[in-house]
Amino acid sequence: MIWNEPMETMSRDEMINLQNNRLKDMVTRVYHNVEFYRKKMQSLGIEPGDINTIEDLVKLPFTTKKDLRDNYPFGLFAVPKSEIIRLHASSGTTGKPTVVAYTRKDINTFAEVVARALCCAGGTKNDIIQIAYGYGLFTGGLGIHYGSEKLGATVVPISGGNTSKQLTLMKDFGTTILACTPSYALYLSEAMVDAGIDAKELPLRIGIFGAEPWSQEMRMKIEEGLNITAHDIYGLSEIIGPGVACSCEHHSGLHIAEDHFIPEILNPDTLAPVDAGIAGELTFTTITKEAMPLIRYRTRDLSKLTYDKCECGRTNVRMSKILGRSDDMLIIRGVNVFPSQVESVLLDIPEAKPHYMLIVDRQGTMDTLEIQVEIDDRYFSDEMAQLEHIRKKIKQKVESILGISVIISLVEHKTLKRSEGKAQRVIDKRKI
Ligand code: DLL
């Protein structure tokens, strides 16, 4: 079934026409209401009247995570605060999170695109959907929640964690759709085995997995372990949250809700748009959002697009599974982590040297992050108590910035490998 036939099956010409009109309207709104964009456009010598079709997108400036940070917290809002009914946030490259805002219409759009995604994955109002994404500032829990209600499914808002309860409710309630990160889905499948539950005896049938990269191999493993069909749902807080795109029954890319978000793929070096089929950095322009519209937001996610009609009948452009990132962001247990966040903490600790190494691994299905830190010779003593004190101090500061637990290992000065070119600060041993 297709949730919104008119929007998901229109011809390319109709879509371009719709995008043209919405783009013009959005550019005019931000020009008049957001100083940041007005100044950016003025410095490029363009006015709203210069933007008439999506071909004109290339004239517009880019927006980056840094721009959001520089305008923290509310500098990019395009409506008065009284119109804003919700805020969400995700971690940024420093301690400050990236704040995003929604008007009532934006919350409706969010629910609409998630309902579309769930329907695209085969969900219906007869489903019982267990939402094991985190609720709170993260867009995963509440985003999927509102979309599921819009779909008319029965929502079990259990949030993340509490594995034994997840399994109990899944069994007792007869959950048919599980929504969580792929790594947690894998963990649940293993926990099921340990608990003596046979997945084949459960009515569970669909998985709505995203928020972190995962491979086809991982998809097969999860499908086998949970006896379900696993779908890939993509999104990011800055654009709206989950529901920007989702895979359909043909698992041949993710359909983008392009009547709301216009995608472009850029060559990561030149930032020039590339043709369909060529991989590059995914960039979105939101054309219907009211509270915080973004122009050409550089996601740093690598993907490619195809405009071919899908066998499912949808005509919306599809993006490939995310192929990687053009920056150094890691996603550890669903949390976005930048090595530079660790660096900024270490620079503030006199005992530590700014030489460090992040070792990411997966034990069972849980991601682990070990940070090896070089300690200044003056402090590297034989006294256990003193070293333990330094270790705890670093651990506490790093954890408060990253928002996840870490293992800190102290090493002597000059032990970590120095590099002659680009410093390699991350070893990712996960096989995803
Ligand atoms: O992760 C929104 C979301 C929630 C998507 C639940 C899907 C399901 P952020 O915390 O802002 O938002 O992180 C966004 O996560 O730029 C990608 O790097 C990564 N990401 C999200 N979905 C996928 C996916 C949410 N399906 C960042 N595959 C994005 C690979 C993904 N990476």
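Order of appearance sets the numbers: ligands from 1, and atoms from 1 within every ligand.
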Do you know which two heavy atoms are closest between S326 and E281, and how far apart they sit?
OG-OE1, 3.1 Å
Of the backbone atoms (N, CA, C, O) and the side-chain heavy atoms from C-beta on, which set of M329 has a member under 4.0 Å from an atom of ligand 1: side chain, backbone, both, or neither?
side chain
Heavy-atom pairs closer than 4.0 Å: do any link ligand 1 to the side chain of R325, the backbone, both, or neither?
side chain
Identify, by atom number and element, the atoms of ligand 1 in contact range of D232, meaning under 4.0 Å from any of its heavy atoms.
24 (C), 26 (N)
Show which atoms of ligand 1 fall inside a sub-4.0 Å distance from at least one heavy-atom site of G140.
4 (C), 6 (C)
Can you check which of Y133, W214, F138 brings a heavy atom nearest to atom 10 (O) of ligand 1?
F138
Between R333 and D367 (side chain of the first, backbone of the second, donor and acceptor by atom type, cut-off under 3.5 Å), is there such a pair?
yes
protein heavy-atom neighbour closest to atom 25 (C) of ligand 1 works out as G235 O, 3.6 Å
Side chain, backbone, both or neither: which part of N336 has a heavy atom under 4.0 Å from ligand 1?
side chain
Ligand 1 versus L254: contacting region, heavy-atom distance under 4.0 Å
neither
Nearest protein heavy atom to atom 20 (N) of ligand 1, by residue and atom, and its distance?
A211 C, 3.6 Å
Do we get R12 above Y307's six-membered ring, with its NZ or CZ under 6.0 Å from the centre and within 45° of the axis?
no
Could you tell me whether K304 and D275 make a salt bridge, using a distance below 4.0 angstrom between a side-chain N and a carboxylate O?
no
Using a 3.5 Å cut-off on N or O atoms only, is I331 in polar contact with ligand 1?
no
Heavy-atom pair with the smallest gap, counting every atom of S90 and K65:
OG-NZ, 3.7 Å
Shortest protein heavy-atom distance from atom 9 (P) of ligand 1, along with the residue and atom involved
S237 OG, 3.5 Å
Is it the case that ligand 1 has an N or O less than 3.5 angstrom from some N or O of T299?
no
Nearest protein heavy-atom contact for atom 28 (N) of ligand 1: which residue, which atom, what distance?
E212 O, 3.3 Å
Note: D50 and K59 closest approach over all heavy atoms is O-NZ, 3.1 Å
Quick check for you: to the nearest 0.5 Å, what is the distance between C248 atom SG and E311 atom CD?
8.5 Å
Pairing donors with acceptors under 3.5 angstrom, does anything connect the side chains of D67 and T64?
yes
Flag for S247-H231: side-chain donor and acceptor within less than 3.5 Å:
yes
Nearest heavy atom to atom 16 (O) of ligand 1 wins, so pick from I240, L323, L236, D301.
D301
